[in-house]
Novice: 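Quick one: this structure, given as C-alpha cells, is what I'll be asking you about.
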Amino acid sequence: GGEGELQARLFIIARMLRIFLIGCGVMFLLVSISSLTFDYFARLTEAKAFIEQSMNRSRAPMARALWNFDIDQLKIAVSSMPEMPGVLLAEIYDDHNLVVASASKPDFTGTGIDEVISIPLFDPAQAGVIGSIRVHLSYAPIRADFLGSTITVVLRQFPILASAITALP
C-alpha cells in the first residue's frame with residue numbers, strides 16, 4: 001500500500017537529488033577548469049607580450065651598439081633580460097648569425113625552453129638587417145600555477161562527488 005508507495009517515491013526523489021548533485025559537481029569542475037584554462041592562456045599571452053614589448057624598447061639602443069660593434073654596451077643591454085619572468089637566455093646575433101652577446105639565468109642548463117622570440121635589428125637607415133635579439137622563454141612557472149590550481153579544484157570537489165556517488169542506491 002500507501003507506505004510502500006511513499007518509500008518508493010522517496011527513494012526515487014533521493015536518487016534524483018543525488019544525480020542532480022553529481023551533475024552540479026561535474027558542471028562546477030568543468031566551469032572551474034575552463035576558467036583556469038582561460039586564465040592560463042591569458043597569462044601566457046601577457047607574458048609573451050611583456051617580453052616582446054621589452055625587446056622592442058631595447059631594439060634601437062641594441063641596434064646602435066651592434067652597428068658600432070660596441071660589445072661592452074651589448075653585454076650591458078642583454079645582461080638584465082634574464083631577470084624578466086620566464087626569460088632563460090637572451091642573445092644578440094650579428095648579420096652572420098654569430099652570438100656577439102648573451103646572458104642567461106644562473107641555473108639555465110640549456111633545457112626547458114618553450115619558445116624562442118626573435119626580432120631583427122636594423123642599420124641606422126633602417127635599410128637592412130644587421131642582426132637580431134633572441135630570447136628563450138620558459139612558461140614553467142605559469143604551467144605549475146595552472147596545474148596546482150587545477151589539482152586543488154579537483155581535490156576539493158572530489159569528496160563531494162565521491163559521497164554523492166557512493167550514496168546512490
Side-chain angles (χ1 to χ4, degrees), residues 23-162:
C24 287
V26 169
M27 286 303 296
F28 174 79
L29 276 175
L30 291 174
V31 168
S32 296
I33 291 172
S34 295
S35 175
L36 289 170
T37 302
F38 178 80
D39 181 56
Y40 168 74
F41 285 109
R43 288 181 63 196
L44 285 181
T45 302
E46 287 172 13
K48 185 176 175 180
F50 175 76
I51 299 300
E52 287 175 339
Q53 288 171 353
S54 297
M55 290 171 71
N56 282 319
R57 278 195 302 274
S58 304
R59 180 184 278 190
M62 286 186 187
R64 201 169 23 262
L66 185 59
W67 181 256
N68 295 325
F69 215 70
D70 186 346
I71 301 299
D72 291 335
Q73 188 61 38
L74 290 171
K75 287 179 180 177
I76 291 169
V78 80
S79 68
S80 64
M81 293 181 107
E83 296 171 14
M84 292 187 282
V87 174
L88 299 175
L89 172 67
E91 301 169 305
I92 299 176
Y93 286 79
D94 66 11
D95 57 346
H96 300 291
N97 210 27
L98 298 173
V99 177
V100 292
S102 70
S104 65
K105 287 204 182 305
D107 58 347
F108 178 60
T109 61
T111 62
I113 297 169
D114 290 313
E115 184 172 6
V116 178
I117 300 174
S118 180
I119 61 170
L121 297 174
F122 295 97
D123 63 24
Q126 301 291 308
V129 175
I130 60 169
S132 64
I133 308 169
R134 293 184 197 161
V135 175
H136 303 253
L137 301 174
S138 169
Y139 300 124
I142 297 172
R143 266 195 313 277
D145 285 349
F146 170 72
L147 186 59
S149 299
T150 302
I151 289 171
T152 301
V153 165
V154 169
L155 290 178
R156 284 186 180 162
Q157 197 63 20
F158 183 75
I160 297 166
L161 286 173

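Position 1 is the first residue of the sequence; numbering continues from there.
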Novice: I'd like to know if the side chain of Asp123 and the backbone of Gly128 have a donor-acceptor N/O pair within less than 3.5 Å.
Specialist: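 Yes; at least one donor-acceptor contact below 3.5 Å.
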Novice: Measuring from Ile92:CD1 to Met62:CE, what's the distance to the nearest 0.5 Å?
Specialist: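 Output value for this atom pair is 4.5 Å.
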Novice: Taking all non-hydrogen atoms of both residues into account, name the closest pair between Leu66 and Ile130 and its distance.
Specialist: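 Minimum heavy-atom contact is CD2-O, 3.3 Å.
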Novice: Check Gly25 against Gln157 and note the closest heavy-atom contact, atom names and distance.
Specialist: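 The answer is CA-NE2, 3.3 Å.
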Novice: Look at the side chain of Asp114 and the backbone N and O of Tyr139, then say whether any donor-acceptor pair between them is shorter than 3.5 Å.
Specialist: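 The answer is yes, because a donor-acceptor pair under 3.5 Å joins these two groups.
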Novice: Tell me whether Arg156 at atom CZ has more than 12 heavy atoms from other residues, nucleotides or ligands lying less than 6.0 Å away.
Specialist: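 At most 12 heavy atoms, drawn from other residues, nucleotides or ligands, come within 6.0 Å of this atom.
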Novice: Could you walk me through whether Leu36 and Phe38 pass the side chain to side chain contact (heavy atoms under 4.5 Å, CB included) test, one step at a time?
Specialist: CA-CA 5 Å; Leu36 289 170; Phe38 178 80; over 6 Å; no
Novice: Between Arg43 and Asp145, does at least one N-O distance fall below 4.0 Å, as a salt bridge requires?
Specialist: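 Yes, this pair counts.
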Novice: Between Ala63 and Phe122, what is the shortest heavy-atom contact and its length?
Specialist: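 Scanning both residues completely, I find the closest heavy atoms to be CB-O, 3.4 Å.
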Novice: Do the side chains of Phe108 and Ile113 get nearer than 4.5 Å, heavy atoms only?
Specialist: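 Counting from C-beta outward, Ile113 and Phe108 do come under 4.5 Å.
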Novice: Search all heavy atoms of Gly112 against all heavy atoms of Leu88 and return the closest pair with its distance.
Specialist: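 Shortest heavy-atom contact: O-CD1, 3.6 Å.
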Novice: To the nearest 0.5 Å, what is the distance between SG on Cys24 and CE on Met27?
Specialist: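 If I round to the nearest 0.5 Å, the distance is 8.5 Å.
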Novice: Search all heavy atoms of Ser32 against all heavy atoms of Val153 and return the closest pair with its distance.
Specialist: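 That would be CB-CG1, 3.6 Å.
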Novice: At what distance, to the nearest 0.5 angstrom, does CZ of Arg64 lie from CZ of Arg59?
Specialist: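 Result: 13.5 Å between the selected atoms.
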Novice: Which residues pass the salt bridge (Lys or Arg N to Asp or Glu O under 4.0 Å) test with Lys105, sequence neighbours left out?
Specialist: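 Lys105 satisfies salt bridge (Lys or Arg N to Asp or Glu O under 4.0 Å) with no other residue.
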Novice: So, the side chain of Ser58 versus the backbone of Ser54: is there a donor-acceptor pair under 3.5 Å, distance only?
Specialist: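 The answer is yes, because a donor-acceptor pair under 3.5 Å joins these two groups.
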Novice: Drop me the distance from Leu121's CG to Ser132's OG, to the nearest 0.5 angstrom.
Specialist: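 So the gap between those two atoms works out to 6.5 Å.
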Novice: Give the intermediate values and the outcome of side chain to side chain contact (heavy atoms under 4.5 Å, CB included) for residues Val154 and Leu29.
Specialist: CA-CA 7 Å; Val154 169; Leu29 276 175; 4.1 Å; yes
Novice: With a 4.5 Å limit on heavy-atom distance, are the side chains of Ile117 and Arg134 in contact?
Specialist: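 No, their side chains stay 4.5 Å or more apart.
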Novice: Got a donor-acceptor contact below 3.5 angstrom from the Ser79 side chain to the Ile76 backbone?
Specialist: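 Answer holds: yes.
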Novice: Does the side chain of Val129 reach to within under 4.5 Å of the side chain of Asp95, using non-hydrogen atoms?
Specialist: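 When only atoms from C-beta onward are counted, Asp95 and Val129 do not touch, as no gap falls below 4.5 Å.
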Novice: Say you draw a straight line from OG of Ser102 to CD1 of Ile133; how long is it, rounded to the nearest 0.5 Å?
Specialist: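 With rounding to 0.5 Å, OG (Ser102) is 13.5 Å from CD1 (Ile133).
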Novice: Let's go through Leu74 and Asp72 carefully: what are the C-alpha distance in whole Å and the side-chain angles of both, what is the deciding distance for side chain to side chain contact (heavy atoms under 4.5 Å, CB included) to 0.1 Å, and is it a yes or a no?
Specialist: CA-CA 5 Å; Leu74 290 171; Asp72 291 335; over 6 Å; no
Novice: Listed by chain and number, what are the side chain to side chain donor-acceptor pair (under 3.5 Å) partners of Thr109, not counting sequence neighbours?
Specialist: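 If we apply the side chain to side chain donor-acceptor pair (under 3.5 Å) test to Thr109, skipping adjacent residues, the hits are Thr111.
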Novice: Check ring pair (Phe, Tyr, Trp, His ring centres under 6.0 Å) between Tyr40 and all other residues, then give those that pass, not counting sequence neighbours.
Specialist: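 Expected list: Phe146.
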Novice: Out of curiosity, Leu137 CG to Glu52 CD, how far, rounded to the nearest 0.5 Å?
Specialist: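 The distance works out to 8.5 Å.
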Novice: Determine the minimum heavy-atom distance between Phe50 and Pro85, stating which atoms define it.
Specialist: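 Between these two residues, the closest heavy atoms are CE2-CD, 4.3 Å.
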Novice: Distance only, no hydrogens: is a donor on one side chain within 3.5 Å (strictly under) of an acceptor on the other, for His136 and Glu91?
Specialist: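 On atom types as modelled, these side chains qualify, holding a pair under 3.5 Å.
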Novice: Take Leu89 and Val135 through the test side chain to side chain contact (heavy atoms under 4.5 Å, CB included) and record every step on the way to the result.
Specialist: CA-CA 6 Å; Leu89 172 67; Val135 175; over 6 Å; no
